[in-house]
Amino acid sequence: MAATLFLLPSIVFHHHNTFHSKLSSKSKLQSFVLSPPKKSNQSPFIRFSTSSSSPDHPSPPTPSSSIDYKTQTPQNFRRFLTNEELQEELQKLQFLENFTYFCKLPSGYLYIRAMQDTELDMTVDLLAESFAESMLLPNMYMTVLGFLIKQYMIERRGLLPHCVTLIGFFRGEEGSGDEELAGTVEVSFDRRGANSSPPTPTPPKNSPYICNMTVKDRLRRRGIGWHLLKASEELISNMSSTKNVYLHCRMIDSAPFSMYKKAGYAVVTTDNFLVLLKLQRRKHLMCKELPTLSKPLETVIARDEEVAPSLMDGRESEPLLVDEVLKSSLDMDA
C-alpha cells in the first residue's frame, strides 16, 4: 500500500500578557495612540499608550511598557554551558569522531563509524531507496523523498553529540572489490537528541533510542544488521548514563523481531488498532538494559565469533523519520 507524506511547517506563536485582554459586551473599544515626544527632561523616545475612544473625556497618553518583565517566564531562553559541561561535550564529540567498530564476517569485513559531512548524500540515497522500496513509491518521487530525508538529517546532525548517524562499510575478501556503503543506523542518547515527535508507542525521551536502520539490498543476510545494532549498543554504553535502550519493530517484520529478541530486547508495549486509521502499521516498542562498562569511552573491535546468523539480515529495521521537518505516515512492506 502507498503511504502519504505530510510536510508540515512548524509555526510558533508568541504571546505576551500585556497585549492580551478579555473582551466583554460592556467593555469599550481600545486603541493604540502614538503620542509625540514632549519637551521635558525625560528621554525623547516615542511612547505607546492605550486610551479610551470617548471624545468627551480623552485620556492623556501615559507611557507603558510593551512587556511586563515581572510576569514573563524566560522559558525559551537557553543558558550557557558551564566549563565542566563544555569539557564533557568536547570529550563526547572527540569520542564520536574516533569511534570505530570493526568485525570479520564470513564473506568479508565490516567497518562502522560516525557519518561525516561528505558522506551525507550517499547516506540519504541509501535511506531513500529503503523508503521507496518499503512504501512502493515510483522513481518519480525519489527526488522529493531524498530532499525531505536530507533536511531531516541535516537538522539531526546539528544535535551532535546528543545523537549520531552511524554508517557501515563492507569489503569482500582480498581482491574481491573496494569497500562500499553497506548500511546505516541512527542513535540518540538523551533528551536533547530525542525526536520531538517520536513514533508510537512513544519511548522515554531521556532514554537512548535506535532507529532508521537499513542495509543495502544486495548485501543483506550477511550479519551486517546485527553488527549495526551491536555497534549502536556499544556506543550508547559509552555515551549515555541511562542504560535502557529502546527501539521500534513493526509487528509484520518477523526477521527483525527475531533478531531483536535474540539480542536481548523485550516488548514493552504495542500499538493499538487505532493506528490503522492513520495508515500506519502496528509496532512493538522494545527495550533492553545494557551492561555498564568498566572503562567508558573506548573504541570497539568486535571478535570474529560475534558474527550473527545471516537470516537476521532480511529486513533490518523500520526507518522512522518523524520530526518537525518530516511528518509522515509510513506504510512499509517488508
Side-chain angles (χ1 to χ4, degrees), residues 10 12 72-103 110-121 123-124 150-169 183-198 202-213 227-247 287-303 320-325:
S10 177
V12 180
Q72 298 300 312
T73 56
Q75 297 178 355
N76 296 328
F77 292 98
R78 293 185 178 181
R79 63 180 181 83
F80 291 100
L81 296 176
T82 63
N83 291 335
E84 293 77 10
E85 292 173 336
L86 182 59
Q87 290 296 328
E88 183 180 359
E89 295 278 303
L90 293 177
Q91 184 183 13
K92 289 182 178 181
L93 284 173
Q94 184 177 6
F95 175 76
L96 288 176
E97 183 179 357
N98 299 328
F99 175 80
T100 56
Y101 181 103
F102 176 82
C103 64
L110 181 65
Y111 176 73
I112 301 174
R113 57 173 173 79
M115 182 192 71
Q116 300 177 1
D117 290 336
T118 55
E119 298 159 339
L120 175 63
D121 289 336
T123 307
V124 169
K150 186 173 184 178
Q151 296 304 309
Y152 167 85
M153 295 191 67
I154 291 175
E155 184 172 320
R156 299 293 292 167
R157 186 158 177 79
L159 297 177
L160 281 168
H162 303 281
C163 66
V164 67
T165 298
L166 298 179
I167 54 177
F169 291 92
T184 180
V185 61
E186 180 184 320
V187 185
S188 58
F189 305 109
D190 50 32
R191 180 179 295 273
R192 293 179 61 183
N195 279 318
S196 60
S197 301
T202 306
K205 285 195 173 184
N206 58 341
S207 297
Y209 178 68
I210 299 174
C211 65
N212 299 336
M213 185 192 302
H227 284 286
L228 284 172
L229 180 63
K230 287 301 175 181
S232 302
E233 294 178 353
E234 294 288 352
L235 191 57
I236 291 172
S237 297
N238 284 282
M239 295 285 293
S240 176
S241 58
T242 305
K243 301 307 177 184
N244 289 331
V245 56
Y246 291 83
L247 54 81
C287 178
K288 175 184 178 180
E289 183 177 358
L290 301 179
T292 303
L293 296 181
S294 57
K295 295 181 180 180
L297 300 183
E298 293 179 336
T299 300
V300 179
I301 300 179
R303 300 188 301 271
L320 297 172
L321 296 177
V322 186
D323 205 42
E324 298 100 343
V325 178

Discussion item. For Arg156, run the side chain to side chain donor-acceptor pair (under 3.5 Å) check against Asn212, Asn195, Thr165 and tell me which one passes.
Written reply: Asn195

Worksheet, complete the sentence: Asp117 meets the side chain to side chain donor-acceptor pair (under 3.5 Å) criterion, sequence neighbours left out, with Arg157

Worksheet item: Roughly how far apart are Ser237 OG and Leu290 CG, rounded to 0.5 Å?
Response: 4.5 Å

Fill in: Closest non-hydrogen atom pair, Pro198 against Lys205
CD-CE, 4.2 Å

Fill in: Audit row: Thr242, Asp190, side chain to side chain contact (heavy atoms under 4.5 Å, CB included) steps and yes/no
CA-CA 8 Å; Thr242 305; Asp190 50 32; over 6 Å; no

Practice prompt. Give a yes or no on whether Glu85 atom CD has more than 12 heavy-atom contacts from other residues, nucleotides or ligands under 6.0 Å away.
Written response: yes

Worksheet item: Closest approach of Ala114 and Val164, non-hydrogen atoms and distance?
Response: CB-CG2, 3.8 Å

Worksheet item: Rounded to the nearest 0.5 Å, how far apart are CZ of Phe99 and CD1 of Ile112?
Response: 7.5 Å

Fill in: Ser240 side chain to Ile236 backbone, donor-acceptor under 3.5 Å
no

Item to complete: Name all residues meeting the side chain to side chain contact (heavy atoms under 4.5 Å, CB included) criterion together with Asp121; count only those two or more places apart in sequence or in a different chain, and write none if there are none.
Response: Lys150

Discussion item. Return the CG to CD distance between Leu96 and Gln91, rounded to the nearest 0.5 Å.
Written reply: 11.0 Å

Fill in: Set of residues satisfying side chain to side chain contact (heavy atoms under 4.5 Å, CB included) with respect to Ser232, sequence neighbours excluded
Leu166, Val185, Val187, Ile210

Worksheet, complete the sentence: Here the pair of heavy atoms bringing Cys163 nearest to Gly193 is CB-O, 3.8 Å

Worksheet entry | Leu247 versus Tyr209, closest heavy-atom pair with distance | CA-CE1, 3.8 Å

Practice prompt. Rounded to the nearest 0.5 Å, what's the gap from CE on Met239 to NE2 on His162? Could you check?
Written response: 8.5 Å

Worksheet item: Salt bridge between Lys92 and Glu88, side-chain N to carboxylate O under 4.0 Å?
Response: yes

Fill in: CD on Gln87 to CG on Leu90, rounded to 0.5 Å
6.0 Å

Worksheet entry | 4.5 Å side-chain heavy-atom contact, Leu235 and Phe189 | yes

Discussion item. Could you check whether atom CD of Gln94 has more than 12 heavy atoms from other residues, nucleotides or ligands sitting under 6.0 Å from it?
Written reply: no

Worksheet item: What are the two closest heavy atoms between Tyr246 and Pro203, and how far apart are they?
Response: CB-CB, 4.0 Å

Practice prompt. Would you indicate whether the side-chain heavy atoms of Arg192 and Leu159 approach each other to under 4.5 Å?
Written response: no

Fill in: NZ-CG distance between Lys288 and Asn244, expressed to the nearest 0.5 angstrom
11.5 Å

